[in-house]
Trainee: 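My questions will all concern the structure given below.
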Amino acid sequence: MRAHIEELVTQALGYLKRDGVIGDDIGTAIQVEPTKDRAHGDYACNIAMVLAKTAKMAPTELAKKILDRVPASKRVKSIEIAGPGFLNFFVSGHHLKIVVREILAKGADYGRAPANTLPPVLIEFVSANPTGPLHVGHGRGAAYGASVASILEAAGHPVEREYYVNDDGRQMDILAVSVWLRYLELAGERVRFPDNAYQGDYVYDIARQVRSRHGDDLRHHAHEVTEGLPADADQEGDAEAHIDALIARTRALLGDEQYEAVFAIALEAMIEDIRQDLGEFGVHFDRWYSERSLHTSGALEQALAKLEAKGWLETRNGAVWFKASELGDDKDRVVVRDNGRSTYFASDVAYLLDKLERCSGQALYIFGADHHGYVPRLKAAAKGLGQDPDRLDFQLVQFAVLYREGQKLQMSTRSGEFVTLRDLRDEVGNDAARYFYVMRSHEQHLDFDLDLAKSNANENPVFYIQYAHARIQSIFAKLEESGQRHNPAIGEAAISRLDAEPEQVLLRQLGRYPEVLENAAQRRAPHVLAHYLHDIAAEFHSWYNHSQFLVDDDDLRNARLNLAQATAQVLRNGLGLIGVSAPESM
RNA sequence: GCCUCGGUAGCUCAGGGGAUAGAGCAGCCGCCUCCUAAGCGGCAGGUCGCAGGUUCGAAUCCUGCCCGGGGCGCCA
């Protein structure tokens with residue numbers, strides 16, 4: 001509808017230009033917005049005020065001239081000039097009739113743009129290190145990314161969802177060592193567990209897997225393991241040096257083959273755990289992209305070669321640097337350390353290149369806010385690789401803090417006393433978790449109120465919306481009980497009977513759904529959709545209290561049922577995009 | 001110090017050039033002989049952090065300052 005009105009205004013301006021009323025050179029950046037106040041119609045256009053100065057005319061005078069030239073449309077009832085020069089458009093009953101008809105006809109597809117009409121998007125999200133269970137911070141990235149992906153798809157973009165698996169590097173080595181130490185413990189060795197190793201109970205679970213597969217084959221005496229190692233932190237030493245030495249010791253004692261075996265079991269177990277966790281949360285990926293594969297496939301070498309060829313690499317102090325500061329970053333970045341190992345950033349560059357080569361549209365990164373420093377360096381990398389940096393889109397998700405009984409939950413990864421995503425899902429349920437995670441702007445810190453999320457009352461927005469859907473279903477159940485049937489054809493013919501205020505409000509709101517979706521997609525902002533659904537639910541509840549649905553009047557009853565069904569459909573469609581269920585009853 | 005996100009009602013947050021700044025919760029007052037009261041209606045509540053600037057018009061854009069979260073590694 002918005003686009004339709006923009007088109008009408010464009011035509012009117014065209015006539016005025018042709019007739020020389022306004023200059024040919026006047027730009028036509030037409031803005032049409034849904035109004036906040038119904039007294040201002042349904043859509044408002046500010047074009048007269050924008051053009052008034054260059055047209056050398058008073059805004060209201062220009063508005064009048066535009067109004068006179070706007071072509072007639074069956075979907076527009078009337079246009080008014082109001083305030084400082086707004087053109088207020090009132091949609092017609094015919095338009096509202098079309099809206100309900102379209103919703104009922106398209107069903108689950110209502111609001112969806114034709115598939116694949118927009119450029120593809122490769123979205124990468126979560127990508128947490130596979131060294132432990134996902135925690136509540138990852139949960140927000142997961143809920144946000146999955147919702148954005150669904151919304152983009154609905155808006156007409158082909159979407160690929162990827163999880164980048166950091167299966168290479170020191171953290172993974174620490175996990176492997178942690179597992180092996182627990183394995184030794186299970187085998188009866190009394191061996192000290194380092195401060196910096198992974199403390200969680202899941203490490204025992206993995207150790208048990210190692211034991212069931214390898215028996216005592218990997219066992220070594222405790223003194224062999226710890227003898228001559230630098231002191232750990234609580235022994236007045238350095239925790240980092242201690243764990244690094246322990247990694248080297250582990251490799252030496254086990255040998256490459258056995259070490260890799262432990263490493264592989266740990267990695268596989270963690271990925272499987274994360275995959276399952278996210279799957280239960282309704283978050284699915286098309287590809288789990290291995291960092292290691294960048295090494296084995298030669299992609300990393302090729303990416304570096306590309307930078308080298310374009311003159312962006314330089315050797316300094318034995319390390320290879322990427323001259324990022326010449327491409328907009330605030331400092332240069334090491335890609336190969338003086339010990340010959342490539343950095344994490346080097347992998348990022350290779351992955352970036354691979355993404356841009358595979359996807360002709362945008363590479364969308366969902367980062368935690370703590371990663372914002374990566375933005376300029378990845379853009380620099382894109383430039384250095386000869387790629388268009390504007391094809392990269394970064395969305396930073398701010399932190400989530402849990403509250404219980406008004407108290408902030410303290411979390412520390414170190415001690416293992418963090419709340420996992422699984423804990424959260426168990427406590428509040430998947431629906432509440434998904435909704436709460438996206439109900440605030442992702443750019444906003446999130447205070448996650450556990451008590452509110454668990455509440456079965458209207459104060460809980462998830463229940464409030466779901467209840468609206470369930471209420472509608474119960475009306476239809478009641479209808480069936482009474483032996484009556486819903487006749488949508490009668491309802492459509494009688495749609496003009498829906499003239500009560502709450503009905504009019506709801507009709508208009510439902511018609512805005514496609515625009516809301518488009519807006520949410522463009523802004524990568526699922527909270528826009530979440531708020532909209534809450535509005536729909538509120539308007540429905542208001543209507544429900546205002547009117548009786550199952551009335552004797554066939555026309556009126558069916559018209560109302562059409563609107564109720566359309567409302568349920570929009571709620572279902574919208575909730576589906578943010579991963580929340582629409583229950584039949586509650 | 002630099003980068004980044006934020007500061008809007010008692011609380012949590014929408015609105016991000018337009019018309020009297022909105023919602024939920026909390027508070028107060030009402031509404032079930034009737035399809036789910038897990039609901040609805042109403043009242044009250046605001047120097048949009050501060051100061052300048054741009055504009056016909058600023059909560060919104062620009063600059064500076066104040067306050068808070070986060071980040072600034074040859075870590076991953």
Side-chain angles (χ1 to χ4, degrees), chain A residues 31 33 35-37 39-40 44 46 49-50 52-53 58-59 82-86 88 128-129 131 166 168-174 240 291 316-321 329-331 333-347 368-376 396-399 401 403 406 439-449 452 455-461 463-464 466-468 470-479 481-482 502 523 525 527-528 530-532 534-535 537-538 540-551 557 560-561 564 585-586:
Chain A
Q31 292 175 47
E33 300 180 330
T35 55
K36 290 172 190 157
D37 187 339
H40 300 144
N46 66 355
M49 290 176 291
V50 174
K53 199 166 189 179
F86 287 103
N88 289 337
N129 281 348
T131 51
N166 296 121
D168 190 60
R170 186 162 166 268
Q171 294 304 319
M172 273 309 298
D173 285 322
I174 295 176
E240 303 295 333
E291 180 183 1
R316 255 180 265 156
N317 305 327
V320 181
W321 295 71
D329 197 2
D330 56 354
K331 54 184 81 162
R333 308 286 168 182
V334 172
V335 286
V336 183
R337 302 183 191 110
D338 60 4
N339 65 11
R341 287 195 69 171
S342 60
T343 59
Y344 183 84
F345 176 62
S347 303
D370 55 336
H371 278 58
H372 91 268
Y374 285 47
V375 174
L396 302 173
V397 179
Q398 299 292 323
F399 288 175
V401 181
Y403 285 81
M439 73 179 177
R440 302 293 177 225
S441 163
H442 63 285
E443 292 175 340
Q444 187 83 231
H445 292 219
L446 174 69
D447 284 336
F448 195 122
D449 184 336
L452 182 61
S455 159
N456 287 6
N458 61 343
E459 63 191 21
N460 182 344
F463 274 83
Y464 184 78
Q466 291 183 316
Y467 182 44
R471 259 188 160 174
I472 296 170
Q473 302 317 308
S474 96
I475 293 166
F476 282 94
K478 208 77 186 175
L479 178 77
E481 261 176 48
S482 69
R523 294 173 51 192
H527 78 278
V528 169
H531 281 273
Y532 170 80
H534 193 269
D535 287 345
F540 172 77
H541 285 309
S542 180
W543 179 37
Y544 183 94
N545 272 65
H546 176 275
S547 316
Q548 190 72 15
F549 291 70
L550 304 179
V551 291
R557 184 182 64 249
R560 285 183 173 160
L561 289 173
S585 67
M586 290 172 73

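What you see is a predicted model; the values in this text were computed from it and never measured. Chain letters run A, B, ... following the sequence lines, proteins first and then strands; every chain starts at 1.
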Trainee: Rounded to whole angstrom, note down the C1' distance from B:C61 over to B:G15.
Mentor: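 The answer is 16 Å between these two C1' atoms.
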Trainee: Using the C1' atom on both, measure B:U8 against B:C50 and round to a whole Å.
Mentor: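 About 15 Å, rounded to a whole number of Å.
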Trainee: Nearest 0.5 Å please: distance from the CG atom of A:Leu550 over to the CD atom of A:Glu481.
Mentor: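 It is 10.0 Å, given to the nearest 0.5 Å.
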Trainee: Under a 90° cut-off about 0 for the syn range, is B:C67 syn or anti?
Mentor: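 Base orientation: anti.
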Trainee: Among B:G15, B:G41, B:A38, which nucleotide has an atom closest to any side-chain atom of A:Ser542?
Mentor: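 Within the option list, the nearest is B:G41.
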Trainee: When the P atoms of B:C66 and B:C75 are compared, how many Å lie between them, rounded to an integer?
Mentor: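 Approximately 35 Å lies between the P atom of B:C75 and that of B:C66.
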Trainee: Take atom C1' in B:A58 and the same atom in B:G16, then report the distance between them in whole Å.
Mentor: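 Result for the C1' pair: 11 Å, nearest Å.
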Trainee: Using the ring of each side chain (for Trp, its six-membered ring), is A:Phe540 parallel, tilted or perpendicular to A:Trp543, with breaks at 30° and 60°?
Mentor: perpendicular
Trainee: Is the closest basic N to carboxylate O distance between A:Asp330 and A:Arg333 below 4.0 Å?
Mentor: yes
Trainee: Report which part of the nucleic acid A:His541 touches: base, sugar-phosphate, or nothing (heavy-atom distance under 4.0 Å, all strands).
Mentor: sugar-phosphate
Trainee: Between the base of B:A19 and the side chain of A:Asn88, is one N or O donor paired with an acceptor at under 3.5 angstrom?
Mentor: yes
Trainee: Side-chain N or O of A:Lys331 versus OP1/OP2 of B:G73: is the shortest distance under 4.0 Å?
Mentor: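 For A:Lys331, the contact criterion (side-chain N or O under 4.0 Å from OP1 or OP2 of B:G73) is met.
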Trainee: Any chance the side chains of A:Thr131 and A:Gln171 put a donor and an acceptor closer than 3.5 Å?
Mentor: no
Trainee: Assuming nearest nucleotide by heavy-atom distance, tell me which of A:Arg440 and A:Pro84 is located more 5' along RNA chain B.
Mentor: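 Between the two, 5'-proximity favours A:Arg440.
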Trainee: Base, sugar-phosphate, or nothing for A:Met49, non-hydrogen atoms under 4.0 angstrom?
Mentor: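 Base contact.
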Trainee: Provide, to the nearest angstrom, the distance between the NE2 atom belonging to A:His534 and the C1' atom belonging to B:A38.
Mentor: 13 Å
Trainee: Please work out if A:Ala470 contacts a base, only the sugar-phosphate, or nothing of the nucleic acid, heavy-atom cut-off 4.0 Å.
Mentor: base
Trainee: Can you tell me how far P of B:G18 sits from NE2 of A:His40, to the nearest Å?
Mentor: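 Rounded to the whole Å, the gap is 14 Å.
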Trainee: Have a look at A:Ala52 and say if it touches a base, only the backbone sugar-phosphate, or nothing, with a 4.0 Å heavy-atom cut-off.
Mentor: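 Answer is nothing: A:Ala52 stays at 4.0 Å or more from every strand.
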Trainee: I want to check one thing: is the phosphate of B:C75, taken as OP1 and OP2, less than 4.0 Å away from some side-chain N or O of A:Arg341?
Mentor: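 For A:Arg341, the contact criterion (side-chain N or O under 4.0 Å from OP1 or OP2 of B:C75) is not met.
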Trainee: Would you classify A:Arg557 as touching base, sugar-phosphate or nothing, given that sugar-phosphate means primed atoms plus P, OP1 and OP2, and contacts are heavy atoms under 4.0 Å?
Mentor: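 No contact.
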Trainee: Does any donor atom in the side chain of A:Tyr344 or A:Asp168 lie under 3.5 Å from an acceptor atom in the other side chain?
Mentor: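 No pair is found: no donor N or O on one side chain lies under 3.5 Å from an acceptor on the other.
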Trainee: On the side chain of A:Asp370, is there an atom forming a donor-acceptor pair with the base of B:G71 - under 3.5 Å, no angle test?
Mentor: no
Trainee: As an exercise, state the distance from OH of A:Tyr464 to CG of A:Asn456, rounded to the nearest 0.5 Å.
Mentor: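 Between atom OH of A:Tyr464 and atom CG of A:Asn456 there are 16.0 Å.
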Trainee: Does a side-chain N or O of A:Tyr464 approach OP1 or OP2 of B:A23 to a distance below 4.0 Å, or not?
Mentor: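 Indeed not, no polar side-chain atom of A:Tyr464 lies that close.
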Trainee: Is A:Tyr544 touching bases, backbone alone, or none of the nucleic acid, heavy atoms closer than 4.0 Å?
Mentor: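 Base contact - A:Tyr544 has a heavy atom under 4.0 Å of at least one base atom.
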Trainee: Give one of base, sugar-phosphate or nothing for A:Leu550, where a contact means two heavy atoms less than 4.0 Å apart.
Mentor: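 Contact class for A:Leu550: base.
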Trainee: Identify, between A:Ser474 and A:His531, the residue whose nearest nucleotide on RNA chain B lies closer to the 5' end.
Mentor: A:His531
Trainee: Reckon A:Ser585 touches a base, only the sugar-phosphate, or nothing at all at heavy-atom distances under 4.0 Å?
Mentor: base
Trainee: Quick one: label A:Ala457 by what it contacts on the DNA or RNA (base, sugar-phosphate, nothing), any heavy atom closer than 4.0 Å.
Mentor: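 Sugar-phosphate only.
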Trainee: Does a nitrogen or oxygen in the side chain of A:Ser482 sit under 4.0 Å from OP1 or OP2 of B:C35?
Mentor: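 Looking at the OP1 and OP2 atoms of B:C35, neither is under 4.0 Å from any side-chain N or O of A:Ser482.
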Trainee: From C-beta outward on A:Asn46, which listed nucleotide comes closest to its side chain: B:U4, B:C75, B:G18?
Mentor: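 Taking heavy atoms from C-beta onward, the closest nucleotide is B:G18.
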Trainee: With heavy atoms under 4.0 Å as the rule, sort A:Ser342 into base, sugar-phosphate or nothing.
Mentor: nothing
Trainee: Contact class for A:Asp330 vs. all strands (heavy atom < 4.0 Å): base, sugar-phosphate, or nothing?
Mentor: nothing
Trainee: Determine the Euclidean distance between corresponding C1' atoms of B:G49 and B:A59; express it in Å to zero decimal places.
Mentor: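 Going atom to atom, C1' in each nucleotide, I get 12 Å.
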Trainee: Hey, does the side chain of A:Arg337 come within less than 4.0 Å of B:C75's phosphate (OP1/OP2), counting only N and O?
Mentor: yes
Trainee: Among B:C74, B:C5, B:C72, which nucleotide has an atom closest to any side-chain atom of A:Gln398?
Mentor: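 Of B:C74, B:C5, B:C72, B:C5 is nearest to the side chain of A:Gln398.
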Trainee: Is the shortest distance from a Lys or Arg side-chain nitrogen in A:Glu443 or A:Arg523 to a carboxylate oxygen in the other one below 4.0 Å?
Mentor: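 Answer for the salt bridge query: no.
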Trainee: My validator wants the stems of RNA chain B: runs of 3 or more consecutive Watson-Crick or G-U pairs, both distances under 3.5 Å, written as range with range.
Mentor: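 So the stems come out as B:1-7 with B:66-72, B:10-13 with B:22-25, B:27-31 with B:39-43, B:49-53 with B:61-65.
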Trainee: Would you please confirm or rule out a distance under 4.0 Å between OP1 or OP2 of B:A14 and any side-chain N or O of A:Gln444?
Mentor: yes
Trainee: Report which part of the nucleic acid A:His527 touches: base, sugar-phosphate, or nothing (heavy-atom distance under 4.0 Å, all strands).
Mentor: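 Sugar-phosphate, backbone atoms only, no base.
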Trainee: Would you classify A:Asn339 as touching base, sugar-phosphate or nothing, given that sugar-phosphate means primed atoms plus P, OP1 and OP2, and contacts are heavy atoms under 4.0 Å?
Mentor: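 Nothing: the residue A:Asn339, judged by heavy atoms under 4.0 Å, touches no strand.
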Trainee: When all nucleic acid strands are considered with a 4.0 Å heavy-atom cut-off, which category describes A:Asn166: base, sugar-phosphate, or nothing?
Mentor: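 No contact at all - A:Asn166 keeps every heavy atom at 4.0 Å or more from the nucleic acid.
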Trainee: Looking only at side-chain N and O atoms, does A:His541 offer a donor or acceptor that is under 3.5 Å from a partner on A:Arg471?
Mentor: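 The criterion, which ignores hydrogens and geometry beyond distance, is satisfied for A:His541 and A:Arg471.
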Trainee: Could a donor-acceptor pair under 3.5 angstrom be found where the side chain of A:His371 meets the base of B:G71?
Mentor: no
